[in-house]
Amino acid sequence: MQIRHHRLQSSTPGTTRELVSLHYGAPDHGRKAYLQASLHADEVPAMLVAHHLRLALCQLEAAGRLRGEVVLVPAANPIGLAQQVLRQPQGRFDLGSGENFNRHYPDLSLPVAEALRGRLAPDPSAQAAQVRAAVREACAALPAGDELASLRRTLLTLAADADLVLDLHCDNEAVLHLYTATPLWPAVEPLARRLGAPLALLATDSGDDPFDEACSMFWPRLAARLGPEGAALPLGCVAVTVELRGEAEVDHALATQDAQALIGYLADRGFIDAPTATGRDAGGPPAAPLARPLDRPLAGSMPVRAPHGGVLVHLEKLGSTVRAGDPLAELIDPLGGASTVLSSPVDGLLYARASRRFVSAGTLLAKVAGAEALRAGPLLSA
Ligand SMILES: [Zn+2]
């Protein structure tokens with residue numbers, strides 16, 4: 001394993017931060033998997049899973065079982081990790097700009113199309129290698145005028161030429177669920193099964209350019225820009241955002257299980273040689289066949305927001321299948337004594353809900369994944 005330190009562009013004199021990446025295996029097989037934890041810095045379950053991944057990858061490397069390169073960034077957001085307001089961690093938004101750390105990743109298909117137009121090799125496998133080289137050049141040319149831009153450039157440089165990108169997050173309180181690009185779902189479903197995730201939310205354009213789509217949707221966007229010349233380009237990157245349940249679920253048993261599932265998926269994708277032993281050996285099959293996860297349009301994920309402030313009492317268990325009109329939560333005005341019952345807007349799976357128990361008007365209280373795409377515009381919550 002090789003440890004690399006990436007110094008970020010300093011925004012103010014006297015301050016410097018760095019990103020650390022761990023590199024396993026060898027790049028000479030030409031394939032690369034990239035995993036990062038806690039891009040939203042206070043989503044801690046991901047960092048614990050990365051800790052367990054680190055141990056597992058070291059063992060696999062020592063056993064000579066890695067095929068290709070596996071890059072692990074165990075804490076993807078040193079800026080956010082340092083942010084606190086009144087002793088409360090603030091890891092989702094950059095306090096300087098107000099920007100979400102998982103939005104606004106640049107669309108590399110434009111510079112790469114300009115670089116490759118009229119130059120693509122006839123052989124599709126040679127084309128993919130050509131594209132990855134051009135992506136690396138495009139990343140190197142990205143502006144990094146401040147620390148946040150420098151963080152985005154560094155992360156994208158590490159990930160954008162990978163075949164597989166797993167971006168590990170969590171929600172407030174939630175069941176394990178995934179976000180991925182719609183055309184990738186057949187390749188991602190085995191990951192959902194290994195993780196025991198009951199739900200995957202699919203979109204081709206979530207809005208505001210999250211990290212996973214910058215890596216995966218780059219390929220079809222590039223093909224579209226190149227027209228007939230790019231018709232043979234593959235979907236060269238499988239990228240997934242993995243939501244590892246709720247923010248308080250920092251638990252060794254869960255993290256070990258999740259790390260094992262991710263290692264198993266790396267084996268599915270050809271990054272780890274088949275195990276010599278059966279059972280729950282890293283890279284082996286899941287212990288038992290898992291139920292088929294629901295794939296639902298991200299545009300069918302329906303938010304329930306607080307119409308006024310008050311004490312929040314959840315009325316339905318996470319992971320419940322609910323019907324439109326079923327009561328999900330009660331909001332109580334502690335001064336006037338009135339209460340409002342909030343109901344599910346659709347039939348679907350109650351997969352995430354707020355962790356705070358006193359909320360102000362407009363707070364996102366719950367999310368229900370329905371079957372019908374009812375929303376448009378930016379589809380991810382702020
Ligand atoms: Zn997140």
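Numbering starts at 1 and runs along the sequence shown. Note that ligands are numbered from 1 as they come in the structure, with each ligand's atoms numbered from 1 the same way.
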Exercise. Between CG of Asp167 and OG1 of Thr241, what distance do you get to the nearest 0.5 Å?
Worked result: 4.5 Å
For this session: Only counting residues at least two apart or in another chain, list the ones meeting ring-ring contact (aromatic ring centres under 6.0 Å, His included) with His6.
Result: none
For this session: Taking 2.8 Å as the upper limit, name the protein N, O or S atoms near the Zn ion (ligand 1).
Result: His40 ND1, Glu43 OE1, Glu43 OE2, His169 ND1
Exercise. Is the ring centre of His177 less than 6.0 Å from the ring centre of Tyr351?
Worked result: yes
Exercise. Are Glu43 and Arg92 ion-paired here, with the side-chain N under 4.0 Å from a carboxylate O?
Worked result: yes
Problem set entry | Short N-O contact, Asp161 and Lys32, less than 4.0 angstrom | yes
For this session: Taking the side chain as every heavy atom from C-beta outward, state whether Ile272 and Arg67 have any atom pair closer than 4.5 Å.
Result: no
